[in-house]
2 protein chains.
Amino acid sequence: MQVAERAGVSLASTSRALHGTGASRAMVDRVRAAAAELGYSPDAIGRSLRMKRTFQVAFAVADIGNPVYVEMLTAIHEVLAPHGYRVVVMSTGHTVASTIDLVRSLGSGFVDGLIVSPLRTDDELVKAIQQAPVPVVVIGRSLEKQGIDSVSTDSAAGLGQAVAHLVEIGRRRIGFVNGPLDTTPGAARQRGFDAATSGPAFAGDHAETEQADDFTVAAGLAAARRLLSRTPAAGPFDAVVAANDLLAIGVIRAAGELGLSVPGALAITGMDDTEIGRVFQPSLTSVSLGSAERGRAAARLVLDRVGDVVEPAQQIAIGPHLVVRESTLPADPPAATPADLPGAEDVAGPPASKEKSAR
Amino acid sequence: MQVAERAGVSLASTSRALHGTGASRAMVDRVRAAAAELGYSPDAIGRSLRMKRTFQVAFAVADIGNPVYVEMLTAIHEVLAPHGYRVVVMSTGHTVASTIDLVRSLGSGFVDGLIVSPLRTDDELVKAIQQAPVPVVVIGRSLEKQGIDSVSTDSAAGLGQAVAHLVEIGRRRIGFVNGPLDTTPGAARQRGFDAATSGPAFAGDHAETEQADDFTVAAGLAAARRLLSRTPAAGPFDAVVAANDLLAIGVIRAAGELGLSVPGALAITGMDDTEIGRVFQPSLTSVSLGSAERGRAAARLVLDRVGDVVEPAQQIAIGPHLVVRESTLPADPPAATPADLPGAEDVAGPPASKEKSAR
DNA sequence: GTGAAAGCGCTAACAC
DNA sequence: GTGTTAGCGCTTTCAC
């Protein structure tokens, strides 16, 4: 700041001039000019120390490479950046313990808030979040009762939508390829499948689950091989519900290996409605969980909180909705592309830069 | 810090005890205990102000959603996190001007270094980078002569590899679907294609370029439709080289529309070797540009620089290499999946968590 | 509307 | 090996 003082005014005035409040036109001009000349921009750290705000928000997930989290990150960034907030990417690690460490590390005050989507949760983590020194928003299961801001979606209901759709197009023997049950999404989706396929409401003849080791294509392929090698008494499977798009693509590949046409012999649904599913051949029917929307909602929540809104914990729910594409088309069309790019039908969301890319 | 002083020692000792240097066993134990009791962790901002280091590095690209950048981000994070560095995600915007603004903003000192991969570059940006107050590493074209650390790859040569491969498997009439020419990658790849298909070394009969509006699936589909609607005098195209994987997938879809089998009637190559290409049906032959490796290299470079290594600007080149998959298989196999998951053959790189995902 | 001065939390000299 | 002290760059009272 000594530098900008070359404008012949005090430190205080310089600060005031550069940062809005209470300075005369003349002062502002003078200081601005001097600052421009010297190529000066105020030090973010000094500012942070004084103001006790870093203008940074952390986004933490287990695996930043996951398309779903990438969509969230993009959305979060888009909401936060215009407000002058930077986004710090962090990893929760794969265990609850490492996630707790992460939350505790907020104590050093390098961010004003945290958006976290933990794969696994327990009471200790909940407690750590409750005691966190900065606002924390959880994307995942609802924690309203625990007094924690959260953005959730009903993936169990989403699974119900997928099953209902398959039954509606005449499928009766439905397999479910799920990911690890000890994860929050894995557990929720299992609940959804079980609910949808048990009781008199289920019009199908058979329902069966096979568990994949992970939410990946490779794991989906392996699990689907196991599932499809079995033939239920009611007859061979005519549909498979996958717990996410990556698993679903593994299932499609397994179907290919076995010479099963998709959707002719085997209809397949995914979940998350990711780009990869939209452009796949056949394009993938998927339950959208509104990843971008959840990201935006979470970002707005932290923004509220850091702006010292002190209302009680909020819970925002984003409804799942099914997007029907080729992989569950009633008739088995030739391997041609539909008139427009698959996925064109569901450009309902924001006019975001979906399918954008380069280099 | 007043708090931790409850341990009955001075501020300085507390700092020393918590942060390594020169404190007795007893002191360390005592302070650690007190700190643990009070749930204290040292304030990152105060520390930064004093040390003039933020322990943060920014990673800036035009579009964080692009799979290539996601791979880089993951790799960068993996290298930096163990060294105690946080990663701040930023956007370069789509114009050179906005990228220049970004570089200038480093003046406020919120990060210790920047890794940037600009789509477009000009002299002014180069100058801004040279004058930047913190180390900047550019991923893209080589800027060694300009005294800027850079990590580059020879995508032009990579295009040559793709063309050579197609010629080798007997293709003679090769189309090229490129992205915008006014981008650094677009220009380089055009140069590569032109070099590979002109002069006596080219054993093919015809070479022709069609430009897409963007590096996306949709743009690739549109461009491929235009390209394939033309029939060169030498005969219909029997191969298409795409400037990246997303464009290539657009080309595959266009081929589907026209009833052209891939690779039977039309062999197709992509570039970037992304997950989406690896799992696609048919899996995509692609020129790997070592995204993760470039990310790691860039991260190590900034790490060197912030550790005040003062050597002259470095330039690290990552060689492109072709990964052959189904989309250019000499014979047209039935639509079955190969024995293992496509892409399994090229797990040469790090044992990274490729195809990892969840939720 | 402007200047002077205090102090955010920390680490690194510097004495002892 | 430990305590004392200065000061990093900024914003914000508090006087004027």
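In the text below, chain A, chain B and the rest are named by the order of the sequence lines, each starting its count at 1. Below, all heavy atoms of this structure are taken into account, side chains as well, without hydrogens, waters or symmetry copies.
Rounded to 10 degrees, the angle between the two end axes of the helix from dG1(C)-dC16(D) to dC16(C)-dG1(D) is 40°, with five pairs used at each end.
When rounded to the nearest whole Å, the span between CZ of Arg50(B) and C1' of dA6(D) equals 8 Å. Separating the CZ atom of Arg53(A) from the C1' atom of dC10(D) is a distance of 15 Å, rounded to the nearest angstrom. If you take CZ of Phe55(B) and P of dG9(C), they are 19 Å apart, rounded to a whole angstrom. Arg30(B) has its CZ atom 13 Å from the C1' atom of dG1(D), to the nearest Å. Here the C1' atom of nucleotide dG7(D) and the CD1 atom of Ile45(A) are 16 Å apart, to the nearest Å. Atom CE in Met51(B) sits about 7 Å away from atom C1' in dT11(C), given to the nearest Å. Atom CG in Asp43(A) sits about 9 Å away from atom C1' in dC8(D), given to the nearest Å. Here the C1' atom of nucleotide dG9(D) and the CZ atom of Phe110(B) are 17 Å apart, to the nearest Å.
Annotation: side chain to side chain donor-acceptor pair (under 3.5 Å) contacts of Ser108(A) (sequence neighbours excluded): none. Every residue was checked against the side chain to side chain donor-acceptor pair (under 3.5 Å) condition with His83(A), not counting sequence neighbours, and none meets it. With sequence neighbours excluded, the residues forming a side chain to side chain donor-acceptor pair (under 3.5 Å) with Arg120(A) are Asp182(A), listed by chain and number. Qualifying side chain to side chain donor-acceptor pair (under 3.5 Å) partners for Ser152(A), counting only residues two or more places apart in sequence or in other chains: Gln315(A).
Checking the phosphate oxygens (OP1, OP2) of dG9(D), no side-chain nitrogen or oxygen of Tyr40(A) falls inside 4.0 Å. In this structure, Arg47(B) does not reach the dG9(C) phosphate: none of its side-chain N or O atoms is under 4.0 Å from OP1 or OP2. Contact between the side-chain N/O atoms of Lys52(B) and the OP1/OP2 oxygens of dT11(C) is not found at any separation under 4.0 Å.
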All N/O donor-acceptor pairs, side-chain side in residues 121-137 of chain A, below 3.5 Å, sequence neighbours left out:
| residue | atom | partner | partner atom | Å |
| --- | --- | --- | --- | --- |
| Asp122(A) | OD1 | Glu124(A) | N | 3.1 |
| Asp122(A) | OD1 | Leu125(A) | N | 2.8 |
| Gln130(A) | NE2 | Gln146(A) | O | 2.8 |

Under 3.5 Å donor-acceptor pairs involving side-chain atoms of residues 297-307 of chain A, not counting sequence neighbours:
| residue | atom | partner | partner atom | Å |
| --- | --- | --- | --- | --- |
| Arg305(A) | NE | Asp149(A) | OD2 | 2.5 |
| Arg305(A) | NH1 | Val309(A) | O | 3.2 |
| Arg305(A) | NH1 | Glu311(A) | O | 2.8 |
| Arg305(A) | NH2 | Asp149(A) | OD1 | 2.8 |
| Arg305(A) | NH2 | Asp149(A) | OD2 | 3.3 |
| Arg305(A) | NH2 | Glu311(A) | O | 3.3 |
| Arg305(A) | NH2 | Pro312(A) | O | 3.0 |

Please list every donor-acceptor pair under 3.5 Å in which a side-chain atom of residues 27-36 of chain A meets a protein atom from a residue at least two apart or in another chain.
| residue | atom | partner | partner atom | Å |
| --- | --- | --- | --- | --- |
| Asp29(A) | OD1 | Arg25(A) | NH1 | 3.3 |
| Arg30(A) | NE | Ala7(A) | O | 3.1 |
| Arg30(A) | NH2 | Ala7(A) | O | 3.2 |

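Remark: of the listed residues His77(A), Gln56(A), Arg53(A), Arg53(A) is the sole one forming a side-chain hydrogen bond (donor to acceptor under 3.5 Å, both in side chains) with Tyr85(A).
Across all strands shown, Leu49(B) has heavy atoms under 4.0 Å from base atoms, whether or not it also approaches the sugar-phosphate.
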Dump every N/O contact between nucleotides 1-3 of chain C and the protein below 3.5 Å, one line per pair.
| residue | atom | partner | partner atom | Å |
| --- | --- | --- | --- | --- |
| dT2(C) | OP1 | Ser24(A) | OG | 2.8 |
| dT2(C) | OP2 | Ser24(A) | N | 3.0 |
| dT2(C) | OP2 | Ser24(A) | OG | 3.2 |
| dG3(C) | OP2 | Ser10(A) | N | 3.2 |
| dG3(C) | OP2 | Ser10(A) | OG | 3.1 |
| dG3(C) | OP2 | Ser13(A) | OG | 2.5 |
| dG3(C) | N7 | Arg16(A) | NH2 | 2.7 |
| dG3(C) | O6 | Arg16(A) | NH1 | 3.3 |

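The cationic group of Arg86(B) does not satisfy the cation-pi geometry with Phe55(B), failing either the under 6.0 Å distance to the six-membered ring centre or the 45° limit from the ring axis.
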